[in-house]
Amino acid sequence: MSEAEPVPASAPEAAAAAAVLDALNATDSNGTEALNATAKFVATPEGTALAYGSLVFMALLPIFFGALRSVTCSKSKELGENDYDSGFRNAADMPETITSRDAARFPIIASCTLFGLYLFFKVFSQEYINLLLSVYFFVLGVLALSHTMSPLMARIFPASFPNKQYQLLFTQGTGESKEEIVNYEFDTKNLVCLLISSVVGVWYLLKKHWIANNLFGLAFALNGVELLHLNNVSTGCILLGGLFVYDVFWVFGTNVMVTVAKSFEAPIKLVFPQDLLEKGLEARNFAMLGLGDIVIPGIFIALLLRFDVSLKKNSRTYFYSSFLAYIFGLGLTIFVMHTFKHAQPALLYLVPACVGFPVLVALVKGELIEMFRYEESSPEELAAKEASSELEKKDQ
């Protein structure tokens with residue numbers, strides 16, 4: 001396919017999350033070029049169909065389940081807004097809200113990051129850069145995979161399992177000036193998840209096996225869709241529109257993205273071997289899809305699911321229409337790529353599909369204005385509301 005990219009398990013700020021997401025998207029947006037450049041390898045029709053079918057299936061998993069988990073995150077955030085227990089033990093589990101200003105900066109940050117990586121690979125040794133990146137993504141991957149596995153493990157462990165609670169706390173200063181630097185709560189189940197994730201991480205570091213790569217990639221993508229929240233549909237349109245232009249420019253206008261994609265060794269893409277039928281798990285000729293082509297449309301699809309929930313009509317019309325639109329756009333990318341034998345910027349097809357289909361449905365249903373009026377509050381806005389409500393209580 002053409003591209004795609006996390007995102008870290010949890011970003012401290014929406015802007016930081018945006019920068020990481022963009023960097024990931026940038027590095028992978030031309031993954032197919034690397035795929036087509038495999039030396040003198042001609043994939044069989046069966047192998048090609050299996051590889052691309054598997055990539056499409058894997059891309060759908062984090063979008064579907066990440067969107068569902070984003071609804072849970074949103075409800076927990078609303079509980080906090082209403083002065084109840086927010087349901088988040090740690091700030092890292094809180095969703096980050098992307099505003100229109102963040103969305104407008106996305107393409108600029110992504111372009112600067114992409115070009116910066118290009119210069120780094122031109123000036124410094126590729127071997128040392130990838131060594132540093134491997135260690136960096138090892139840590140991020142372990143945390144992301146652990147966060148992804150936690151809800152599943154909570155269901156698997158029996159009720160009799162001795163689950164002890166722990167807290168990691170670092171503070172600065174004393175008395176009234178005492179300030180928390182790190183306050184992280186976890187339990188025995190989280191430690192088990194961390195241990196399993198660490199095993200996968202070591203496997204990836206030592207072998208760079210494509211299955212370990214995909215486990216990390218799926219975790220990054222799911223965390224991105226779950227924890228990065230667009231505040232409204234207009235912001236989503238700004239984000240997707242900006243990255244649409246960014247993607248087309250860097251793929252067709254320069255060789256920067258191709259160079260970085262070929263040089264960058266990190267689990268920021270999903271891969272599947274086209275020669276799996278011939279060589280089994282040791283196959284080496286990969287088709288690939290960057291995580292940005294999953295996360296960027298995914299956070300917009302997740303927003304539409306939360307909009308569906310807000311309508312309280314027991315219907316998921318906009319979620320399913322955008323989900324089907326994503327499948328159509330990804331399929332069209334593959335078709336055009338094989339027809340013209342040239343790497344394609346996937347967002348060129350995904351953005352019109354994922355935005356156009358739901359808007360058309362809203363027009364038909366007469367809910368277009370309602371869709372664009374739907375708004376989600378950012379943590380800063382929630383804090384401002386809480387502060388104002390406390391002042392009102394004191395005045396009374």
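Throughout, residue positions are numbered sequentially from 1 according to the sequence presented. Please read these numbers as outputs of a predicted model, since none were measured by experiment.
With sequence neighbours excluded, the residues that form a ring-ring contact (aromatic ring centres under 6.0 Å, His included) with Phe115 are Tyr118. Applying the side chain to side chain donor-acceptor pair (under 3.5 Å) criterion to Asn163, with sequence neighbours excluded, gives Asp187. Residues passing the ring-ring contact (aromatic ring centres under 6.0 Å, His included) test with Phe335, sequence neighbours excluded: none. The side chain to side chain donor-acceptor pair (under 3.5 Å) check on Ser322 picks up nothing, with sequence neighbours excluded. With sequence neighbours excluded, the residues satisfying side chain to side chain donor-acceptor pair (under 3.5 Å) with Tyr349 are Gln344. Remark: Phe138 engages no residue in a ring-ring contact (aromatic ring centres under 6.0 Å, His included) (not counting sequence neighbours). Among residues two or more places apart in sequence or in another chain, the side chain to side chain donor-acceptor pair (under 3.5 Å) test is passed with Ser315 by Thr317.
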Acceptor/donor pairs from residues 53-63 side chains to any protein atom, 3.5 angstrom cut, sequence neighbours excluded:
residue : atom : partner : partner atom : Å
Ser54   : OG   : Leu50   : O            : 2.7

What pairs of donor and acceptor atoms, side-chain ones from residues 352-373 against any protein atom, are under 3.5 angstrom apart with sequence neighbours left out?
residue : atom : partner : partner atom : Å
Glu367  : OE1  : Tyr318  : OH           : 2.5
Glu367  : OE2  : Lys313  : NZ           : 2.4

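Linking ILVMFWY side-chain heavy atoms closer than 4.5 Å, directly or via other members, places Leu218 and Leu68 in a single hydrophobic cluster. A single hydrophobic cluster is not seen to contain both Leu205 and Leu195; linkage of ILVMFWY side chains at heavy-atom distances under 4.5 Å, directly or through other members, places them apart. Transitive grouping of hydrophobic side chains (ILVMFWY, heavy atoms separated by less than 4.5 Å) keeps Leu169 and Phe186 in distinct clusters. Residues Ile327 and Leu304 share a single hydrophobic cluster, defined by chaining ILVMFWY side chains whose heavy atoms lie under 4.5 Å apart. Cluster membership check: Met257 does not share its hydrophobic cluster with Ile108, using side-chain heavy-atom separations under 4.5 Å among Ile, Leu, Val, Met, Phe, Trp and Tyr.
Residues Thr259 and Asn255 meet the side-chain proximity criterion, which asks for heavy atoms closer than 4.5 Å. Residues Leu191 and Tyr166 form a side-chain contact, since some pair of their non-hydrogen atoms from C-beta on lies under 4.5 Å apart.
Judged by distance alone, with hydrogens and angles left aside, the side-chain atoms of Asp102 form a donor-acceptor pair with the main-chain N or O of Thr99 at under 3.5 Å. A donor-acceptor pair under 3.5 Å links the side-chain atoms of Asn213 to the main chain of Lys269, judged by distance alone. Formation of a donor-acceptor pair under 3.5 Å by the Ser263 side chain with backbone atoms of Phe121 is not found in this model. Using modelled atom types, one side-chain atom of Asn130 and one backbone atom of Gln126 make a donor-acceptor pair closer than 3.5 Å. For Asn232 (side chain) and Thr235 (main-chain N/O), a donor-acceptor pair under 3.5 Å exists by modelled atom type.
Taking the six-membered ring where the residue is Trp, Trp210 and Phe286 present tilted rings, their angle falling between 30° and 60°.
Separating the CG atom in Leu215 from the CH2 atom in Trp203 is a distance of 6.5 Å, to the nearest 0.5 Å. One finds the CD1 atom of Ile299 at 4.0 Å from the CD1 atom of Ile98 (value rounded to the nearest 0.5 Å).
Remark: aromatic rings of Phe319 and Phe323 are close, center separation under 6.0 Å.
Among residue pairs with one or both ends in residues 58-71, those qualifying as salt bridge (charged side-chain N to carboxylate O under 4.0 Å, His left out) are Arg69-Glu226; sequence neighbours excluded. Sorted by first and then second residue, the salt bridge (charged side-chain N to carboxylate O under 4.0 Å, His left out) pairs involving residues 130-151 (not counting sequence neighbours) form an empty list. Contacts classified as side-chain hydrogen bond (donor to acceptor under 3.5 Å, both in side chains) and involving residues 302-311 (residues at least two apart or in different chains) are given here: Ser70-Arg306, Arg306-Glu376.
Put simply, the residue from Leu270, Leu140, Val142 that forms a side-chain contact (heavy atoms from CB on, under 4.5 Å) with Phe216 is Val142.
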